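Note that the structure is predicted; figures quoted are calculated from it, not measured. Residue numbers begin at 1 in each chain, while the letters A, B, ... track the order of the sequences.
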There are 2 protein chains.
Amino acid sequence: MRSRSEEDYLKAIYSLSIKGSSTSTNEIAKALTMKASSVTDMLKKLADKKWVNYIKYKGVTLTKEGKQIALQIIRKHRLWETFLVTNLNFKWDEVHDIAEQLEHIDSIELINRLDKHLGFPKFDPHGDPIPDKNGKIQDLRKSQPLSDLKKGDKGIIIGVVDGTSIFLRYLDNEGLNLGTEIYVEEIFDFDFSYKLKINNKFLTVSERVSKNLLIQF
Amino acid sequence: MRSRSEEDYLKAIYSLSIKGSSTSTNEIAKALTMKASSVTDMLKKLADKKWVNYIKYKGVTLTKEGKQIALQIIRKHRLWETFLVTNLNFKWDEVHDIAEQLEHIDSIELINRLDKHLGFPKFDPHGDPIPDKNGKIQDLRKSQPLSDLKKGDKGIIIGVVDGTSIFLRYLDNEGLNLGTEIYVEEIFDFDFSYKLKINNKFLTVSERVSKNLLIQF
DNA sequence: AAACTAATTTAGACTAGACTAAAAAAAAGT
DNA sequence: ACTTTTTTTTAGTCTAGTCTAAATTAGTTT
């Protein structure tokens, strides 16, 4: 059996390993708001259980089994988020903390039935892909941050980089929902803000926002 | 904040206090499959938090606050069981262990929305009443075990005393569902088994079963 | 009421998972 | 290549929640 703590570590290592396959003690500590020494301790335990490849001072990667576990936790997290938004009418900025708890509920049968109940969704409310029961993520869509677009480009909002509540509420407020089509009317060189055209209305967003919005291409 | 362990204790004390307002260290230990010494430790902690009235060697009762907490956990447990059966098509004998986990999810908003989503049910799949958001149980139905009925009596099955899987599966098998109307055709003195008439068919159940089936009166 | 038995508590030990402070290794700067 | 800084690990401590074994209290029997 796995403890909640172990699951949190595996998930964090998975997320941090996305770009560049190895991650470091300090990065994990930062992600979990813990001290580096605590992380070292846990990495040894996870290595004993063959869920990570860990070499002192050299960073850590997930084993095949560790990755599978991480993917199943992410699957649970995203399915529960979907449930909360589509069935219980939560807003997309309200669901993270609750899903953070629900993702640790231990029942494969439960999660598969939830998946079926929701109609086997492929994406969660934030546009993130949901792994299937085998841990496969089949996201054929390619995306880039809005900040990579040039004047005159257009695209559809399909996700966010940073899913914190404040940012999501801002997006709601400005009408920047998933699926919204945007057109880059202008980029202002002095602060790299973007003037967008959305449904024939204009809206200017900061550089910060442009880096957090994912656009399909 | 409350730990999972603390919640388990409060729930156990609540259940054991139903008949006779005080319960004992040993009873709690048995209910939670723990050692009496562990229970003593925890009772002190719960008393410090003012959730129980505890006097050494004299047994324990819940305070008003402790009782409210216990009722909220039971509310969560029963609402989740209802969700699992009515929305995810679990059988009534499959939901207990999962609900045992879900009952500890900490979000009042979540549980109130779940309640609404389910249409504010008053009873769970086992016929047990669901406390409302204020902890009120308004179960106006009176029930007695089948074993209290006499020859010629009739009534409706509205609950079970012991909700273990094996017993529930037996009931399913024999067609003894909640809401089923039964008529006591005969009681056999030699083993106190009950011959019932259900939808014009006859079925004999053991004394054990007769003590576990609750009949409305 | 003394003696026995059962229930309960105390005392001390263990584990998981966190921490702090100090030591060691790696990386970066000169 | 040597020194300094940063990162990581080690060593030792703490807390929550469990345990065993021994001691104490309560309840029961004679």
Give a yes/no on whether any side-chain N or O of [X] is located under 4.0 angstrom from OP1 or OP2 of [N].
X: Tyr54(A); N: dT9(D); value: yes
X: Lys35(B); N: dG17(D); value: no
X: Lys44(A); N: dT10(D); value: yes
X: Asn26(B); N: dA6(C); value: no
X: Tyr9(A); N: dA18(C); value: yes
X: Lys56(B); N: dA7(C); value: no
X: Lys58(A); N: dT7(D); value: no

Does Ser37(B) get its side chain close enough to the base of dT20(D), under 3.5 Å, for a donor-acceptor pair?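 Answer is yes: a donor-acceptor pair is held.
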pair [X]-[Y]: side-chain heavy atoms closer than 4.5 Å:
X: Ile130(A); Y: Phe123(A); result: no
X: Tyr14(A); Y: Ile73(A); result: no
X: Glu7(A); Y: Ser3(A); result: no

Is the centre of the His126(A) ring less than 6.0 Å from the centre of the His96(A) ring? no
Under 4.0 angstrom, heavy atoms only, what part of the nucleic acid is [X] near: base, sugar-phosphate, or nothing?
X: Ser38(B); value: base
X: Lys30(B); value: nothing
X: Thr25(B); value: sugar-phosphate

Which of these nucleotides, [options], is closest to any side-chain atom of [X]?
X: Ser5(A); options: dT18(D), dT10(C), dG17(C); value: dG17(C)
X: Tyr57(B); options: dA18(C), dT8(C), dT18(D); value: dT8(C)
X: Ala36(A); options: dT8(C), dG17(D), dT8(D); value: dT8(D)
X: Asp41(A); options: dT10(D), dT10(C), dC19(D); value: dT10(D)

Ignoring hydrogens and geometry beyond distance, is a side-chain donor-acceptor pair present between Asp162(A) and Thr164(A) at under 3.5 Å? yes
Can you check the [X] [atom1] to [N] [atom2] distance for me, whole Å?
X: Leu46(B); N: dT9(C); atom1: CG; atom2: P; value: 13 Å
X: Glu6(B); N: dT18(D); atom1: CD; atom2: C1'; value: 14 Å
X: Ile28(A); N: dT7(D); atom1: CD1; atom2: C1'; value: 13 Å
X: Glu7(B); N: dG17(D); atom1: CD; atom2: P; value: 11 Å

